[in-house]
Amino acid sequence: MGDRLGRPSSGKRRLRDLLYKSDNRTCADCSAPDPKWASLAVSSNSYTRSANIGVFICLKCCGVHRSLGTHVSKVLSVALDDWSDDEVEAMVEVGGNSSANSIYEAFIPEGITKPGPNSSHEERMKFIRSKYELQEFLKPSLRIAQASSGKSSLRSASSRKFMDNFLGSHSQKVGGNDSPCLEGMVEYIGLVKIKVRRGKNLAVRDMLSSDPYVVLALGPQTAQTHVITSNLNPVWDEELMLSVPMDFGPVKVKVFDHDTFSADDIMGEAEIDIQPLITSAMAFGNAEMFADMQIGKWLKSHDNALLEDSIINIVGGKVKQAVQLKLQNVESGELDLEVEWLPLDQ
């Protein structure tokens, strides 16, 4: 959607003009600033305007929208994707986030809280699914019309299975049917490959040095590097793999000093929040289709062990994240790592 000189077409200009309106400068679902994605669902039915979602959303919410399936929410990048005239017109017709939310959030029940910019993936998933797929917050008149049409209950079996699994509610009712209980089973959504690069200024646990190694844990899984003797600035450059379950938590990192005749001494610990990596990867889908670019970020805060913001990039068709950690509960020590997301179909 542009001319030979690289100038944006009239459709692209209309889209950007809409994005720059004040009510569209924050995500429609979590109010995070500077959304760069849009969700729309252009319907051939004219029984209700709400068939067009027409909202601007952030990267984290974008990942949830993609998981709903294109029959519920079609996600496009404002800057990266090509837009058809019909898609631009659908966004302009809705009018932006305030107009769409006046429909999709018309009646939020007491006790239901809208997610914020720092909400968890599970909180976003539950709210966004209720808002768009199940349409539980619509005006009563629209709710009745859509219930009678049966449109809101149409979902593919694969989408239903993914949604129920990702929510971790194996006994939840979906579409009027009870999902089977998978008690005792663990289902995985992908893998993380973590390259433990090096340690810096690690703590002394022997006379003058230490014999460090790194242990990674995700749930009951653990993986361990080799031991490097007498080195406070070790270079491992060792890749470790962990499977990621649907109900995943942070990767726990611990550094130990190997002792031959006594228990190994702890040399610090930290956690890696893999949610930003996975959300960013799912938002883009097949990373091999994109050029190298930044797609996300895990922000440094007082609640984590980051030394600086951790950037998530597509590099050579792979989703990777450089992570620098300051080890906790120890007098000194840092770790440099690289985390890569591997979906199950790769």
Side-chain angles (χ1 to χ4, degrees), residues 60 116-123 186 190-280 296-312 320-341:
K60 289 182 179 180
N118 297 319
S119 292
S120 68
H121 183 84
E122 290 74 16
E123 291 170 326
V186 177
L191 303 98
V192 284
K193 180 166 65 176
I194 301 178
K195 186 171 188 177
V196 182
R197 292 191 175 277
R198 63 182 64 86
K200 299 178 183 178
N201 193 28
L202 298 183
V204 175
R205 287 293 179 267
D206 297 328
M207 290 295 294
L208 298 173
S209 187
S210 295
D211 304 323
Y213 64 94
V214 178
V215 176
L216 305 178
L218 182 58
Q221 305 170 77
T222 60
Q224 176 182 322
T225 68
H226 66 282
V227 176
I228 296 182
T229 59
S230 301
N231 199 325
L232 300 181
N233 296 282
V235 177
W236 287 282
D237 277 335
E238 189 168 343
E239 293 181 345
L240 305 175
M241 199 88 73
L242 295 167
S243 299
V244 180
M246 289 176 296
D247 187 17
F248 62 87
V251 174
K252 298 183 184 297
V253 182
K254 291 186 178 182
V255 182
F256 290 93
D257 168 52
H258 175 68
D259 287 324
T260 303
F261 301 108
S262 62
D264 293 351
D265 299 316
I266 186 76
M267 297 174 62
E269 57 190 337
E271 291 186 349
I272 303 173
D273 183 0
I274 58 175
Q275 180 180 307
L277 174 73
I278 295 174
T279 301
S280 299
K297 184 185 295 186
W298 176 27
L299 297 178
K300 175 186 176 183
S301 75
H302 66 277
D303 293 325
N304 59 47
L306 285 177
L307 283 165
E308 60 184 22
D309 291 348
S310 177
I311 307 302
I312 302 166
K320 296 185 176 183
Q321 177 180 9
V323 178
Q324 290 184 293
L325 298 173
K326 179 176 177 60
L327 294 173
Q328 307 294 296
N329 304 317
V330 68
E331 56 269 29
S332 65
E334 300 174 7
L335 279 184
D336 286 354
L337 310 101
E338 181 186 76
V339 187
E340 180 182 342
W341 170 247

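Note that the structure is a prediction, hence the values are computed from the model and not measured. The figures that follow rest on heavy atoms only: side chains count, while hydrogens, waters and symmetry mates do not.
- Shortest non-hydrogen contact noted between Ala203 and Val330 is CB-CG2, 3.7 Å.
- In this structure, Glu269 CD and Leu335 CG are separated by 12.0 Å, a value rounded to the nearest 0.5 Å.
- When every heavy atom of Asn304 is checked against every heavy atom of Leu299, the shortest pair comes out as ND2-O, 2.9 Å.
- Aromatic ring orientation, Tyr213 versus His258: perpendicular (interplanar angle above 60°, classes split at 30° and 60°).
- From Ser120, atom OG reaches atom CG of Asn118 across 10.5 Å, with rounding to the nearest 0.5 Å.
- With hydrogens and angles ignored, the 3.5 Å screen pairs a side-chain donor or acceptor of Ser119 with a backbone N or O of Gly116.
- Considering Ile194, Leu277, Ile272 as possible partners of Gln321, the one that fulfils the side-chain contact (heavy atoms from CB on, under 4.5 Å) test is Leu277.
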*What's the verdict on side chain to side chain contact (heavy atoms under 4.5 Å, CB included) for Val196 and Val253, showing C-alpha distance, side-chain angles and the deciding distance?*
CA-CA 10 Å; Val196 182; Val253 182; over 6 Å; no
*Decide yes or no on side chain to side chain contact (heavy atoms under 4.5 Å, CB included) for Leu216 and Leu218, but give the supporting numbers first.*
CA-CA 7 Å; Leu216 305 178; Leu218 182 58; over 6 Å; no
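- Put simply, the side chain of Asp309 gets close to the backbone of Lys300: a donor and an acceptor are under 3.5 Å apart.
- One finds the CG atom of Leu240 at 11.0 Å from the NZ atom of Lys193 (value rounded to the nearest 0.5 Å).
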*Apply side chain to side chain contact (heavy atoms under 4.5 Å, CB included) to the pair Arg205 and Val255, showing each step before the final yes or no.*
CA-CA 11 Å; Arg205 287 293 179 267; Val255 182; over 6 Å; no
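- The NZ atom of Lys254 sits 11.0 Å away from atom OG1 of Thr222, with the distance rounded to the nearest 0.5 Å.
- Formation of a donor-acceptor pair under 3.5 Å by the Asp265 side chain with backbone atoms of Asp206 is not found in this model.
- A salt bridge is absent between Glu338 and Lys195; no separation between the charged side-chain nitrogens and carboxylate oxygens falls under 4.0 Å.
- Between Leu242 and Val251, some side-chain heavy-atom pair lies under the 4.5 Å cut-off.
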*asked:* side chain to side chain contact (heavy atoms under 4.5 Å, CB included) for Ile312 and Ser280? Distances and angles first, verdict last.
replied: CA-CA 8 Å; Ile312 302 166; Ser280 299; 3.8 Å; yes
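- In this structure, Arg198 contributes its side chain and Asn233 its backbone to no donor-acceptor pair below 3.5 Å.
- Using a 4.0 Å cut-off between a side-chain N of Lys or Arg and a carboxylate O of Asp or Glu, Lys297 and Glu308 do not qualify as a salt bridge.
- With Asp257 contributing its side chain and Asp211 its backbone, the two residues share a donor-acceptor pair below 3.5 Å.
- Between Glu334 and Lys326, none of the side-chain N atoms (NZ, or NE/NH1/NH2) sits under 4.0 Å from a carboxylate O, so this pair counts as no salt bridge.
- Looking only at distances, no side-chain donor or acceptor of Ser310 sits under 3.5 Å from a matching main-chain atom of Trp298.
- Remark: Thr225 OG1 to Asp237 CG distance equals 11.5 Å, nearest 0.5 Å.
- A donor-acceptor contact shorter than 3.5 Å is absent between the side chain of Asn201 and the backbone of Gly333.
- Separating the CD atom in Gln328 from the CD atom in Glu271 is a distance of 9.5 Å, to the nearest 0.5 Å.
- In this structure, Ser301 contributes its side chain and Asp303 its backbone to a donor-acceptor pair below 3.5 Å.
- Scanning both residues, Ser243 and Gln221, for their nearest heavy atoms gives O-NE2, 2.6 Å.
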